[in-house]
Amino acid sequence: MEPRRWLPYRNLQSRHLSLALATARVIAWIGILLIAAGVAYGITAAVSHSAPVTLALGMVINLIGMGLTALLASGALAALVGIEEALRLRNA
């Protein structure tokens with residue numbers, strides 16, 4: 001399998017903001033992992049009944065919320081890179 005296939009924003013390229021694009025990709029992966037961790041913790045807490053329900057629900061909502069916030073920040077950075085690239089191509 002091709003490793004580039006797993007990159008977030010794989011169709012986006014930048015000449016001047018490559019660091020911002022790399023940061024957006026890393027933040028996107030962190031967001032995806034946080035959402036997956038929240039779902040996994042929720043399933044584990046529901047099956048095992050080891051943690052109190054309110055504590056488990058709070059943790060799940062917190063993890064998923066942080067993941068969505070990371071994806072939002074990543075999308076904003078990727079949008080800036082896309083705007084820069086579109087302006088660069090238009091002026092070239």
Side-chain angles (χ1 to χ4, degrees):
M1 220 186 320
E2 165 182 353
R4 186 160 167 80
R5 180 178 177 191
W6 295 98
L7 274 178
Y9 315 115
R10 69 174 176 251
N11 295 330
L12 202 57
Q13 298 175 359
S14 177
R15 182 173 295 168
H16 302 290
L17 293 176
S18 57
L19 182 61
L21 181 59
T23 304
R25 288 177 174 163
V26 168
I27 292 173
W29 269 110
I30 290 171
I32 291 168
L33 291 176
L34 282 172
I35 291 172
V39 170
Y41 184 76
I43 292 171
T44 304
V47 170
S48 68
H49 301 292
S50 61
V53 174
T54 56
L55 179 66
L57 184 61
M59 180 68 94
V60 169
I61 291 173
N62 191 20
L63 283 171
I64 292 175
M66 287 190 307
L68 289 175
T69 303
L71 287 177
L72 181 71
S74 171
L77 272 174
L80 286 174
V81 171
I83 290 169
E84 181 267 337
E85 190 65 16
L87 288 174
R88 187 184 67 80
L89 290 176
R90 186 180 346 156
N91 292 332

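For reference, positions follow the sequence shown, starting with 1.
Taken together through direct or relayed side-chain contacts under 4.5 Å among Ile, Leu, Val, Met, Phe, Trp and Tyr, Leu80 and Leu12 form parts of separate hydrophobic clusters. At a threshold of 4.5 Å between side-chain heavy atoms, the hydrophobic network of Ile, Leu, Val, Met, Phe, Trp and Tyr places Ile30 and Leu72 in two separate groups. If you chain together hydrophobic residues whose side chains sit under 4.5 Å apart, Leu33 and Leu71 never meet in one group.
The distance from the CZ atom of Arg88 to the CZ atom of Arg15 is 4.0 Å, given to the nearest 0.5 Å. Note that the CG atom of Leu34 and the CE atom of Met66 stand 5.5 Å from one another [nearest 0.5 Å]. Rounding to the nearest 0.5 Å gives a distance of 9.5 Å between CG of Leu87 and CD of Glu85.
Listed by first then second residue, pairs satisfying salt bridge (Lys or Arg N to Asp or Glu O under 4.0 Å) with a partner in residues 31-43 number zero, not counting sequence neighbours. Pairs of residues two or more places apart, or lying in two chains, never qualify as side-chain hydrogen bond (donor to acceptor under 3.5 Å, both in side chains) while including a residue from residues 61-70.
Val81 and Leu21 make their closest contact through CG2-N, 3.9 Å (heavy atoms, listed as atom of the first residue, atom of the second, distance). Closest approach of Ala45 to Ala56, counting heavy atoms only: CB-CB, 3.7 Å. Shortest non-hydrogen contact noted between Ala70 and Gly31 is CB-CA, 3.7 Å. The two residues Val39 and Ile64 have their closest heavy-atom pair at CG2-CD1, 4.3 Å. Counting all heavy atoms, side chain and backbone alike, Tyr9 lies closest to Ala24 at CE1-O, 4.0 Å.
A donor-acceptor pair under 3.5 Å is absent between the side-chain atoms of Ser18 and the main chain of Ser14, judged by distance alone.
Val53 belongs to no hydrophobic cluster with other residues, because no ILVMFWY side-chain heavy atom falls under 4.5 Å from its own, directly or through intermediates. Alongside Leu57, the hydrophobic cluster contains Ile61 (criterion: ILVMFWY side chains under 4.5 Å). Other residues sharing a hydrophobic cluster with Ile27 under the 4.5 Å side-chain heavy-atom criterion for ILVMFWY residues are Leu77.
Other residues, nucleotides and ligands contribute at most 12 non-hydrogen atoms within 6.0 Å of the CE atom of Met59.
Under the side-chain hydrogen bond (donor to acceptor under 3.5 Å, both in side chains) criterion, Ser48 pairs with Ser50, sequence neighbours left out.
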